Trainee: 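First the structure, which I've put down as structure tokens, then a few questions once you've had a look.
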Amino acid sequence: MPEEERHAIRIHLDRILVERGMTLTELSAQVGITVVNLSVLKNDRAKAIRFSTLSRICDVLQCQPGDLITHDPAEPPDRG
């Protein structure tokens, strides 16, 4: 990934889904977003997320954005 595209934002969707006992498919159906797009987000491949999408995910998972997203500058992604 080019240096200007590297980021230290971490998405914790997988952890929250486990905590809620929910699958990505179930979340997709309830949020109205494709499983593919949620998978991109879950696997740290997303370049952006709309606030409306983030809001719907938080509504369904009953969490705050900070539960889903953290900033960890000490561990930039190692993608080759």
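For the numbers below, each heavy atom of this structure counts, side chains included, while hydrogens, waters and symmetry mates do not. In this text, all values refer to a predicted model and were calculated from it rather than measured experimentally. We number each residue from 1, following the sequence as shown.
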Trainee: Are I33 and V40 joined in one hydrophobic group, where the rule is that I, L, V, M, F, W and Y side chains link up if heavy atoms are under 4.5 Å apart?
Mentor: no
Trainee: Go through I11 and K42 one step at a time and tell me if the side-chain contact (heavy atoms from CB on, under 4.5 Å) criterion holds.
Mentor: CA-CA 6 Å; I11 305 295; K42 180 172 109 30; 5.7 Å; no
Trainee: For residues 63-70, which side-chain donor-acceptor pairs fall under 3.5 Å, sequence neighbours excluded?
Mentor:
residue : atom : partner : partner atom : Å
D67     : OD2  : Q64     : N            : 2.8
T70     : OG1  : H12     : NE2          : 2.6

Trainee: Please find the pair of heavy atoms, one from A8 and one from P73, that lie closest to each other, and give the distance.
Mentor: CB-CA, 3.5 Å
Trainee: Let me confirm one number: the CD1-NZ distance from I9 to K47, rounded to the nearest 0.5 Å.
Mentor: 15.5 Å
Trainee: Nearest 0.5 Å, please: how far is CG in N43 from CG in D14?
Mentor: 8.0 Å
Trainee: Nearest 0.5 Å please: distance from the CD atom of Q30 over to the CZ atom of R56.
Mentor: 12.5 Å
Trainee: As an exercise, state the distance from CG of L24 to CG of L38, rounded to the nearest 0.5 Å.
Mentor: 5.0 Å
Trainee: Looking at CE of M22 and CG of L13, how far apart are the two atoms once the value is rounded to the nearest 0.5 Å?
Mentor: 10.0 Å
